[in-house]
Amino acid sequence: MEEYLSQLNEAQLEPTLQKDGPMIIIAGAGSGKTRVLTYRIAYLMSQGVDAFNILSLTFTNKAAREMKERIAKIVGTSEAKNLWMGTFHSVFAKILRFEGHHLGFPSNFTIYDTQDSQKLMGSIIKELGLDKDIYKTKQVYSRISSYKNSLITVKAYMNNPELKEADAMTRRPRMGEIYAEYVDRCFKAGAMDFDDLLLRTNELLTRFPSVLAQYQDRFRYILVDEYQDTNHSQYLIVRALADRFQNICVVGDDAQSIYAFRGANINNILNFQKDYDDVKLFRLEQNYRSTKNIVGAANSVIEHNKTKLDKVVWTANEEGPKVKIHRSLTDGDEGRYVASTIWDAKMQNQLSNSEFAILYRTNAQSRAMEDALRKRDIPYRIYGGLSFYQRKEIKDVISYLRLILNPADEEALKRVINYPARGIGQTTIDRLVVAANGYKRTIFEVLKNIDKVDININSGAKNKLKDFVTLIESFQVMNQTATAFELAEHVVKATGLLREINKEGTPEGVTRLENVEEMLNGIKDFVEGQQEIADTTGNLAEFLEDVALATDLDNEKGDEDAVALMTIHLAKGLEFNHVFVVGLEEDLFPSAMSMNTRSELEEERRLFYVALTRAENQAYLTYALSRYRWGKLVDSEPSRFIEEIDEQFVDNVTPKLERRINPMLSADIFGDVEPNKIRYKPAKQAVLKKPTKSIKQEQTKFQVTTPKNLKRVSATDESNNSNLFDDTLTVGNLVKHIRFGTGEVLKIEGKGADIKAEISFQHGGVKKLLLRFAKLEVIG
DNA sequence: CGTCGTAATCTTTTT
DNA sequence: GATTACGACG
């Protein structure tokens, strides 16, 4: 152990050796936080802590795997095996397999991915007879997802007039019905979506104190990486579990918080010291990754953010080359510049392909890069985007496997009941859904009793349905004895799925056939891999869980030497010798969707900070003057982030271009205006640009619920500017409300996030409004 | 009931 | 530019 600890500097050693009590490590980019986490776990074990009692939550499963391997090298494989390590989602999915029965879920519950959830919501919207142009499935999905991440259950929603009003204001008054039906259908299908894995864990720990006690007792040491990106649901789980022993160590960097869009709450890290007594604070500020020029450039950009902790990231590394900025005419030219630069740099510096990364804001940008790299014969690999398991032919196979394991799985059933075509049409399926809802049974149960139920289906179709049931049941029998691989191999043949794909005879068909083959090989590898580990059996259930929660990063083929292409979000935690950040243009990066509030813009800036700090030696920033978007060539102008970098760190490869003067896009529209005007300024800007943007459905923040057995924490929501607003609204103010018109403020009560105002409106009488939800304009 | 062609909508970011 | 939704036709 000593030998390993000698690899740490003093700042890293201190938190590593801090064994007990709550602690927070504020770790700047490239400061070696993974190393600290790894050695800290090894150290705990060397001090006699049982691996069984350590829970370590990481941001990707890949990170967990790598840490585990490194720990195994220090303490031995058999010891490290008992560590609980993984993402929130995968760790709590495992726990829910054991404990889900308390909540009425089978242990083999299905995990719905985004596609499944959205399809289900789509059909619910249709069943309820709602206008799909108003109730857009994607928006409904993200709305419900945010409720769940804020722990707003259906019941809580129904009891919350503010929320209902917010939805009514966006012309979706029946959101609650959709939400209720969705939850109900998931439950009946024995399915949990991604958010449920956290929400249901919270439900489990709150409703069943004995279960909570069991896991509190088990996880005596808890470590959470990337704490700045935890959402409220995750926050509560950690708090509940750590409550007994308070041996909680969180690591993070507020400057790298980039997941607010999926509910991450930066206040979790900002307020950590208030949550526990005697919190030890450690800072890791020395960057070991990047050159002085890169660190300097990144620091000068992040300076523009107002919401941040005090932290000075510095480096003792060499100066290095300056950050290169390059302008091109089109996105195609941009790609060619990147490809030729990689080519040259490889030759000059003897670098391998895998030392290069191309990072972009949106997945769609990968195409131009791919084309250019392919022309130069530079091997590359795209991460993210449509992952392997999302492809149609793969999802089809998986759906069969899911259905075998959990016949209640409605989405899987609907997907495969007529693929390959068996003459079971849409009308038949619709009638089945109606019947299943009527009988309060699953579709599969209705199918099994198709002769007994009251349903308008002709006998020909009924026979086809019976055949389908027989087919699935034969698979279920086989699953009793066969391995997952044998079963999957049989399924693709027996269902005619292989034949169906073979029939196409197109090049795409060949690719899809190869994909299915690769999938089968994957199952084989998995089964063999699992069989080596004694306490797992390599069965179908484990494989499906792995698939549902695997990210593209997890399927790393270690042996290939290729340039990495990915979104900046996916690049978090990674590092590369040379990094290209492409598409640095207004409306793309920062994204056009993120310029309505300062907090959104600041998140974009943090994203840019993350991108820059991925580079060890050389960073390139590129932009194009026009680019294909939605199939059309669109003019663009350089991103404000380029200007924000201090000149001394920059080398303009192409002559610098002045940004066109556009007051609407000027860098500090959120700057030093009077506080009470802040919330309107962006809205007006949006109205002028595109009227549709003024309706900001996604912006409404939720009242956050805290279980009574936990300490109440400050829920002040910086991102909503409510604190600015609260100070300015006083009794006697005249205000304007979007629905109630003008009114006079009678009373102000409450604190922080719960601050309320009693207002007498000309139309609508006296109302009590939560200020963070009510969109009020002060007019006098 | 199934298939093929056209129309509409789409783009943030992910577990 | 690509995927999906829907309508006409076999």
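Protein chains get the first letters and strands the later ones, always in sequence-line order, with residue 1 at the start of each.
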Considering only [options], which nucleotide approaches the side chain of [X] most closely?
{"X": "A:Thr428", "options": "B:dT14, B:dC1, B:dT15", "value": "B:dC1"}
{"X": "A:Thr114", "options": "B:dT12, B:dT15, B:dT13", "value": "B:dT15"}
{"X": "A:Phe194", "options": "B:dT12, B:dT11, B:dT15", "value": "B:dT15"}

To the nearest Å, how far apart are [X] [atom1] and [N] [atom2]?
{"X": "A:Asp113", "N": "B:dT15", "atom1": "CG", "atom2": "P", "result": "12 Å"}
{"X": "A:His569", "N": "B:dT14", "atom1": "NE2", "atom2": "C1'", "result": "8 Å"}
{"X": "A:Leu359", "N": "B:dT12", "atom1": "CG", "atom2": "C1'", "result": "16 Å"}
{"X": "A:Lys62", "N": "B:dT14", "atom1": "NZ", "atom2": "C1'", "result": "16 Å"}
{"X": "A:Glu586", "N": "B:dT11", "atom1": "CD", "atom2": "C1'", "result": "17 Å"}
{"X": "A:Lys148", "N": "B:dT14", "atom1": "NZ", "atom2": "C1'", "result": "16 Å"}
{"X": "A:Ile258", "N": "B:dT14", "atom1": "CD1", "atom2": "C1'", "result": "10 Å"}
{"X": "A:Tyr141", "N": "B:dT12", "atom1": "OH", "atom2": "P", "result": "15 Å"}

For nucleotides 2-4 of chain B, list the nitrogen or oxygen atoms of the protein found under 3.5 Å from its nitrogen or oxygen atoms, one pair per line.
unit_1 : atom_1 : unit_2   : atom_2 : d
B:dG2  : OP1    : A:Asn418 : ND2    : 3.4
B:dG2  : OP1    : A:Gly423 : N      : 2.9
B:dG2  : OP1    : A:Ile424 : N      : 3.4
B:dG2  : OP2    : A:Asn418 : ND2    : 3.4

Could you list the protein-to-nucleotides 8-10 of chain B atom pairs, N/O on both sides, closer than 3.5 Å?
unit_1 : atom_1 : unit_2   : atom_2 : d
B:dC10 : OP1    : A:Lys136 : NZ     : 3.4

(request) Give the first and the last nucleotide of DNA chain C, reading 5' to 3', that has any atom under 4.0 Å from a heavy atom of chain A. (result)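 The contact span of chain A on DNA chain C goes from C:dG1 to C:dC6.
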For [X], check side-chain contact (heavy atoms from CB on, under 4.5 Å) against everything at least two apart and list the hits.
{"X": "A:Ser328", "result": "A:His326, A:Asp333, A:Glu334, A:Ala624"}
{"X": "A:Thr114", "result": "A:Gln118, A:Tyr141, A:Phe194"}
{"X": "A:His569", "result": "A:Ile258, A:Tyr259, A:Phe261, A:Arg361, A:Thr567, A:Leu607"}
{"X": "A:Lys464", "result": "A:Ile424"}

(request) Can you measure from CG (A:Leu465) to CD1 (A:Ile443) and round to the nearest 0.5 angstrom? (result) 11.0 Å
Please identify each residue that fulfils ring-ring contact (aromatic ring centres under 6.0 Å, His included) with [X], with sequence neighbours left out.
{"X": "A:Phe468", "result": "none"}
{"X": "A:Phe105", "result": "A:Phe187"}
{"X": "A:Phe641", "result": "A:Phe589, A:Phe608"}

(message) Strictly by salt bridge (charged side-chain N to carboxylate O under 4.0 Å, His left out), give each pair with a member in residues 117-139 of chain A just once, sequence neighbours left out.
(response) A:Glu127-A:Arg185
(message) My understanding is that only residues two or more places apart in sequence, or in another chain, count here; which of them pass side chain to side chain donor-acceptor pair (under 3.5 Å) with A:Ser257?
(response) none
(message) So, OP1 or OP2 of B:dT12: does either fall under 4.0 Å of a side-chain N or O from A:Thr567?
(response) no
(request) Would you please confirm or rule out a distance under 4.0 Å between OP1 or OP2 of B:dT11 and any side-chain N or O of A:Asn363? (result) no
(request) With C1' as the reference atom in both, quote the distance from C:dA5 to B:dT12 in angstrom, rounded to an integer. (result)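 Pairwise C1' distance, C:dA5 against B:dT12, rounds to 23 Å.
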(message) Counting only heavy atoms from other residues, nucleotides and ligands, does the tally under 6.0 Å from CZ of A:Arg431 exceed 12?
(response) yes
Give one of base, sugar-phosphate or nothing for [X], where a contact means two heavy atoms less than 4.0 Å apart.
{"X": "A:Tyr259", "result": "sugar-phosphate"}
{"X": "A:Arg629", "result": "nothing"}
{"X": "A:Lys132", "result": "sugar-phosphate"}

(message) Give me the atom names and distance for the closest heavy-atom approach of A:Ser117 to A:Tyr182.
(response)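 Nearest pair, atom of A:Ser117 first, then A:Tyr182: OG-OH, 3.1 Å.
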(message) Between A:Asp193 and A:Lys148 (salt bridge meaning N to carboxylate O under 4.0 Å), is one present in this structure?
(response) yes
(message) Quick test of the criterion, 5.5 Å between centres and less than 30° between planes. Is A:Phe261 stacked on B:dT13 or not?
(response)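 Stacked: centres under 5.5 Å apart, planes under 30°.
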(request) Tell me which of A:Glu603 and A:Thr427 sits closer to the 5' end of DNA chain B, going by the nucleotide each one is nearest to. (result) A:Thr427
